[in-house]
Structure formats: C-alpha cells, structure tokens
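What's counted below: heavy atoms across the whole structure, side chains too, no hydrogens, waters or symmetry copies. Just so it is clear: chains get the letters A, B, ... in the order the sequence lines come, proteins before strands, and each one is counted from 1.
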There are 4 protein chains.
Amino acid sequence: MLPINLEEFFSEEKLQEMNEKEIKILEAAIEIFAEKGFFSTSTNEIAKKANVAEGTIFRYFKTKKDLLKSIIKPTLVKTIAPFEMDRFSKAVFHLEHETFEDFLYALIKNRMDFAKKNKEVVKIIIQEIPFQEEMQEELKRLFKDKMYPKVATVLQSFIDKGQIKELPIPTVLRLIISTVIGLVISSVVLENTPFWNEDQETKRTIEYIKAGLESGE
Amino acid sequence: MLPINLEEFFSEEKLQEMNEKEIKILEAAIEIFAEKGFFSTSTNEIAKKANVAEGTIFRYFKTKKDLLKSIIKPTLVKTIAPFEMDRFSKAVFHLEHETFEDFLYALIKNRMDFAKKNKEVVKIIIQEIPFQEEMQEELKRLFKDKMYPKVATVLQSFIDKGQIKELPIPTVLRLIISTVIGLVISSVVLENTPFWNEDQETKRTIEYIKAGLESGE
Amino acid sequence: MLPINLEEFFSEEKLQEMNEKEIKILEAAIEIFAEKGFFSTSTNEIAKKANVAEGTIFRYFKTKKDLLKSIIKPTLVKTIAPFEMDRFSKAVFHLEHETFEDFLYALIKNRMDFAKKNKEVVKIIIQEIPFQEEMQEELKRLFKDKMYPKVATVLQSFIDKGQIKELPIPTVLRLIISTVIGLVISSVVLENTPFWNEDQETKRTIEYIKAGLESGE
Amino acid sequence: MLPINLEEFFSEEKLQEMNEKEIKILEAAIEIFAEKGFFSTSTNEIAKKANVAEGTIFRYFKTKKDLLKSIIKPTLVKTIAPFEMDRFSKAVFHLEHETFEDFLYALIKNRMDFAKKNKEVVKIIIQEIPFQEEMQEELKRLFKDKMYPKVATVLQSFIDKGQIKELPIPTVLRLIISTVIGLVISSVVLENTPFWNEDQETKRTIEYIKAGLESGE
DNA sequence: TATGAATGAGACTTCATTCAT
DNA sequence: TATGAATGAAGTCTCATTCAT
C-alpha cells in the first residue's frame, strides 16, 4: 500500500517551532486568500481574522508576498514529497506482488485525501503559480528530482511486467495525471452534491486508465 | 468533420464596430494581464503599452474590471460556441458514417488550435475565474445550455452504436475532457521543445481515450 | 405702484443676440446646477441635457466657471436693477400720495414673483456667492451704486413724512430685507403645500414690518 | 435667563476621546472648506495644513464626504440642542416672571455668540445643506422634534399672557427667526467695522420684533 | 459652426510597511 | 515580543478642455 497522510509529518515538525500567533496568521491568510485571492486580501483583514495587530504579521513574514510563499511552499513540497518517503520505497520493493490497479487505487486515494484536506491552499497555488516564477522553478525541481524518478521506476516495472502498454513514461504519466486531476477536481467541486458518488467514480476512473493503458493482447 | 476556426467569425464582426484605440487597449491588456496577472497590472502600464492616454482606457471600458470582462467573455463564448454551430449539427446528422475516433480527432484538433491561438486569454481566464462569480455563472450557463446538450447527444449516439461503454454521459464527458485538457496544456507548454511530438502525442491520446472507453467485447 | 416684471427686458434683448444652442446650454446648466450643485455637475451631463456636443459648450463659454458666471450675473443684475428703472423713479415722484404700506406691498409682490420665476438661479447664487469673490464685488457694487441710493431716498421720505420711526436707513433696510427674505424663502419652499396661505402670510408680514417700524405716537 | 454657551459641553466630551491628529484634520478642513468650499478643497491640501500625511485623513474619516459630515453634524446638533437643555426648561417654568423682551434678548445673545464662534462651520453648512439630503432630513428632524415643541410652548405662553399678538405660532416663529438671522448675519459680516454697533443694533432689533408682534391695545 | 475622441492633470482612496511605544 | 498609528507611494478613475475633422 502506498503511504497516506505523510504530509502531516512536516507540519508537526514545523508547528512545534512555530509560535501560536504565527499559526493563527497562516490560518487566517489561507482562508482569506482562498476566498478572495491574494491581491484582494489586505494585511489588515488578515490581522483582524487572526486576532493580531497588523504589525505582528511583519514580525513573522517579512512581506505579504513572503506570507504567500510560506503558505504555498510546504504544500508544494507535501504534494510531491510522498513519492520519496520510506514507506513508498517499501511499496516499490513489494511491487512484484502489486498490480497496476493497486497502484492506481493507492495513488488516487492518497491524492484525493490530500486535495480535500488542502482545498484552500491548492486553490491559492493554482491562482498564483502562473505568476510566481520562483515557485515555478521550485515546482519543476521537486518534480524532476523527487517525484519523476520514483514514479518512472514504478511505471517502468509495470511495463516490464506487461501490465501496461509500451509507451514512453512521460506520455503514460501525462495521461494518468490528467485523468486523476480531472477526478480530483470533480471530487472537490462536487463533494456533497447528489450528483457525485465518489466510490463509483473512482472505480470507473481506475477502469478507464487501466483499459486505456493496458497492453491489449 | 467538426467545424474548425469558427471562432473568428465573432471577432471579425466585433472588430469592425471596434475602434482602433479600443483594439490596441485590449491587445495591450491581454498581453500584460497574461504576463503579470490582473492585479499586478496597472492601467498606466496598459495605457503606455497601448500608446494611449490613461483616460482613454476609461472611455472604452468603464472600469479596469470591465476591461477584464471584455477580454474574458468573448473567449468564454467562443470556447463553448462551436458546439452549437450549424456545421456541428450537420456532423451530428452524419454520425452514422463517423466513428468515435473521427469525433475525438476533430474535437482535439479544434480545441488545440483554439488554445494555441488564445493562450494568453486562457491563462487570464484560469487565473480569474475562481474569483469572478459573475464569470462563473456565465460559464456554467454556457456549458449547461449550449455545450452539454449537443455533446450529450453525440456521445449517446456512440453508446447506442456500441462504440463506447455504457457509462453515464457526465462520467464519459469528465474522462474525455480531463484527458484532452491534459493534452492541450502539455501542447501549449511544451510547444516548440524537442520533448514534444504533437502528432504522435495526439494519436496516443486518442488511442488512450478510445481504449479507455470502448465497450470491451 | 412699483414696476413689475421689468426683468424680462434684459433677457429679450440678450436672447435675440443669443444662439439657440447657447440658450439650450444655459437652460440645461441652470437646471442641473440647481439640482446637484456646480461641482457635482459635469460638462458632459450639461451637453447631454442640452442636446449638443460637449465641445459646443466651450464655443459659447470659455470655461465651465464662465458658464456659471453667465448664469449668475444677469440674475444678479435683474435682482437689483428694478430699483433704478424709470417707472420706479416715477413711483418715487408720486410718493407723496403713497403710503409705506403700498410701498411694502409692491416691493414684496415684485420680489416674490421674481424669486419664484428664478428659483433655480437663486439657489445657485446662494450656493456660489460665498466663494466667488468676483461676484461678491459685483453684488456689492450693484447694491451700493444702484439700489441703495434709490431705496434710501424712498425710505427717508417715509421717515420725513412720519410714517416710520427715526432710525438709521441701513438699520431700517436690514430689518425690512431680512423679514422680506424670510417671507420669500418660506413662500418658495412651502409653495403648494397646505401649510401656506400666501396672501394671508403676506398681509401678516406687512403688518409686522409696519408695526415694527412705525413711529409710535 | 436662557442658557448660554451650553454648546461647549458637547465639544469637551468629544474632544477628549478624539486624537490630536483627528482634531488637527478637522480644524484644517473647517478652515479650508469655509474659505474655498467643499469641492474646491483637496484632501491633499487639508493634509498639508493639518501637518499629517494624506492617508491619515482616511484613518479617521472614511471618505472626504465623511469628513464633511463630521464637521456639519455636531454643529447642526448644537444649533438646535440648547432648546432642549435643562436650564432652558427651567427658564420655561419661570416664564411667568419673564417678559417677552427678556426671552428675545436671551435668544439673540445666545445665537449671536454661537454664530460668531462657529462662523466657518455655519458658512459650510449653508453651502452644503441644499445638496445633502441626508443632512436636510437630520435638520428637519431636529427642528421638528427638539426645537419646535419647546419654542412653541414659550411663544404660546406669551400669547396667553397677552404680551404678543394672536397669530399662528409658525408665523410668529418665521417673523422672529428671519429678523434674528438677519441680525446675526449682519453682525458676523460687519463685525469689527466702524459701521456696526452691535449693542445698539441688537436693541433696535428687539424693539422692532416687540413692536411688530405686540398686541396693540 | 459643431463635433466628440482624446487627453492628462489631479482627485480620492487603499494598503503594505515602518517604528515609537 | 506585540502593537497599531502613521505614512506616502501608487493605484483607479473623473472631467474640463483641446483640436482635428
């Protein structure tokens, strides 16, 4: 099985060296940024919601943009990080006994939980990434160094075992990722509406990817 | 075959009743909004790039937000509109002679061309839609009234003909759309890099969707 | 009897050498200035109401302030002017046969008609005079040169005839003017309300002034 | 005797909970508004005269119009308020021992002091009231609820005692108010000129009102 | 003569950031 | 450490006025 909820490790570590006020500011900022966007949110508003003085924000975060980065970066790391965790590595070693379907299921479950828990930050990231070159670089680096090598190994093993078609890894990855992101977004947007049966849609999505990629013999 | 490049009809109509300065302002605004985002762009900057006085912007667009809307709305309409064009309707009537693959190919080709031509506006839309309720409503309305009914008919016909699996139309649509969007984004981002062979990736994507949805006999 | 409606003489004279558009602009400006005030009225608004182009305003009136002056000045002149008209002079010569009451009645009737006819311009004048030094000078000059000497003569004659108390002319004038202005304002404000019986109030006001000024023997 | 200088009570209360900068801004605004009018005064100008940054104005007054209201409203209240003060009430109860002349004298003295002390604000009020509906309503309300009932009682008592003529109260009020206002304006305008002997003019005005209203038997 | 598009100065206002307390 | 009053740069927008047509 793939690791789940590893993300919290980071937080706890960090949280302990973080002041109570700092946390309250971050929480307030996340909430309002997600609701109104970075530029439409004033530091005054954040201060009020966090119950601190406006000046206090600048004790902990040099600038407003710094505050934004402090929100985005850990989430970015956590989005990518699971792929290099120990338990994931273990999963990799046990791969011979796992099917592609198990892999997909674990991946989807994990990312979906993550997306739901981090809905707000994800919304902030989507809005801001296109204009934050620094963050873009970070994202690329994380993807290239941390995520891609691991995932490539896993996918290659499924190709080797004949469970999926012989396609270039980047292509396989693109197809999986876009399908999964589509599912995750639908899930977050439609959550708690009568139109959405999550288990069913997850199952259908796994079927779709599997059928789409399996070596048709 | 599906209609291609119908979008331009709209522009030409509009362009003729539009003043030269108005066009220059729109062009400048699109370029800078896409580069730096709506809020990081000052009207002063737009005026300079458009070679007009700042006040002139407000002769044509009541407010800065109005300028944003004037950029987003036509593109939003054009994104959805093709689906209700005459030729599309004709295609629907000839469906007996078309395969699901033809349909996918036409859809992808059409949307890819559109995305490339409107790269910048699309970037602006993605950034702003989450915070512009008015635009969200417009988008929902267009989708529900204009696009969904037509597409649903086409997809249902493929299901009836046994070309694709018996799945709920919304599910089929979600899977196709997320896969196509993944392709389109990759195409726009990687265009002109050695990593990208568009025809090949298009073909692979079509194969993936087809295999993923076809009724396994 | 005092002269009534002499004011129109000026207009007719002027009106004939005035262009139709110029008149329409003046009319529009008077209406909007009175409603919203000089500064809250834009030339664009005036142009629209007058059915002319904005530029046309500046053909006839060098500046917006010039337009204001063109409205105020003739009314100012007309407010003062009657006192130096021929017929008034004649009235003066016939004074021996007139009572103070006749004089008051004529004065009040005349000024009341004038105020009602020029309600809007009077409102503009009241608002603007305190800040238009140039106009203040004009007003002072007119009062001092044109109005005061004539009125002083009349009042003196009533004093001489023992019809009113031996008070300094300026004091008498102040008392009469403030009482009459109070009547006129009430009349304009309350006109057409059930609270206002104009003839009765006029009569009472005349009684009040008469009693207040008459030499109590 | 009527209460005098009660107005200051209000100020002192307020002033203590008011910041030094806030007071400086108000003072500067009053001075410039009175001199040049509301619209001809820029916030930049006020800031300079008050020796604060332009932004500081908006910490204390949400908008420029808000600043105007903050100037006008207390004065409006103070103009009307004395009539409902305790000491005034006491005066009413002692009326049997007071003459109409005493009443007039107290009224005039009180209002004249007030006008002189608030010259500037009164000028601002006169200019702005015609265009500030909100203020008009406030003024009407204050007059109707606070001032009129008290004054009506007093005047009625003088009528009952036979000291003044049997006229409708509103008429009596109009005649007194317009005469007093005329005196007050003259006093403010001519103050410190050789043409003006205040005590004498006050005495004459009281005589005029008394004679004008007294039941002539 | 009349137009109205274009201008650009200047108005009001917001807000991230600083700093004395 | 925490505050929040004060700042002033920068932003959006208005509008009287000009001028080519």
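The side chain of D:Lys64 approaches E:dT13 more closely than any other nucleotide in the set F:dA6, E:dT13, E:dT17. Taking every side-chain heavy atom of A:Glu54 into account, E:dT17 is the closest of F:dA2, E:dT7, E:dT17. In this structure, of E:dT17, F:dT12, F:dA16, it is F:dT12 that holds the atom nearest to the side chain of B:Phe58. Between E:dT13, F:dT7, F:dC13, one nucleotide has an atom nearer to the side chain of D:Arg59 than all others, and that is F:dT7.
Cation-pi geometry between A:Lys64 and A:Phe58 is not met at under 6.0 angstrom from the ring centre and within 45 degrees of the axis.
Rounded to an integer number of Å, the gap from CG of C:Asp66 to P of F:dT18 is 12 Å. Look at CG on A:Asn44: it is 13 Å from C1' on F:dT3, rounded to the nearest Å. Rounded to an integer number of Å, the gap from C:Glu45 CD to F:dA16 C1' is 14 Å. Following rounding to the nearest Å, D:Asn51 (CG) and F:dA6 (P) show an atom-to-atom distance of 13 Å. D:Ile46 places its CD1 atom 17 Å from the C1' atom of F:dT7, with the value rounded to the nearest Å. Here the P atom of nucleotide F:dA2 and the NZ atom of A:Lys24 are 10 Å apart, to the nearest Å.
The residue D:Ser42 sits close only to the backbone: its heavy atoms come under 4.0 Å of sugar-phosphate atoms, none of a base.
Pairing of E:dT3, defined by two Watson-Crick or G-U wobble distances under 3.5 Å, is identified with F:dA20. In this structure E:dA11 sits in a base pair with F:dT12, meeting the Watson-Crick or G-U test at under 3.5 Å.
Along DNA chain E, the nucleotide nearest to B:Ala53 and the one nearest to A:Lys62 differ in position, and the one closer to the 5' end is contacted by B:Ala53. Between B:Thr43 and C:Phe39, it is B:Thr43 whose nearest contact on DNA chain F lies nearer the 5' terminus.
The side chain of C:Tyr60 places an N or O atom within less than 4.0 Å of a non-bridging phosphate oxygen (OP1 or OP2) of E:dA2.
In this structure, C:Lys36 NZ and D:Phe131 CZ are separated by 11.0 Å, a value rounded to the nearest 0.5 Å.
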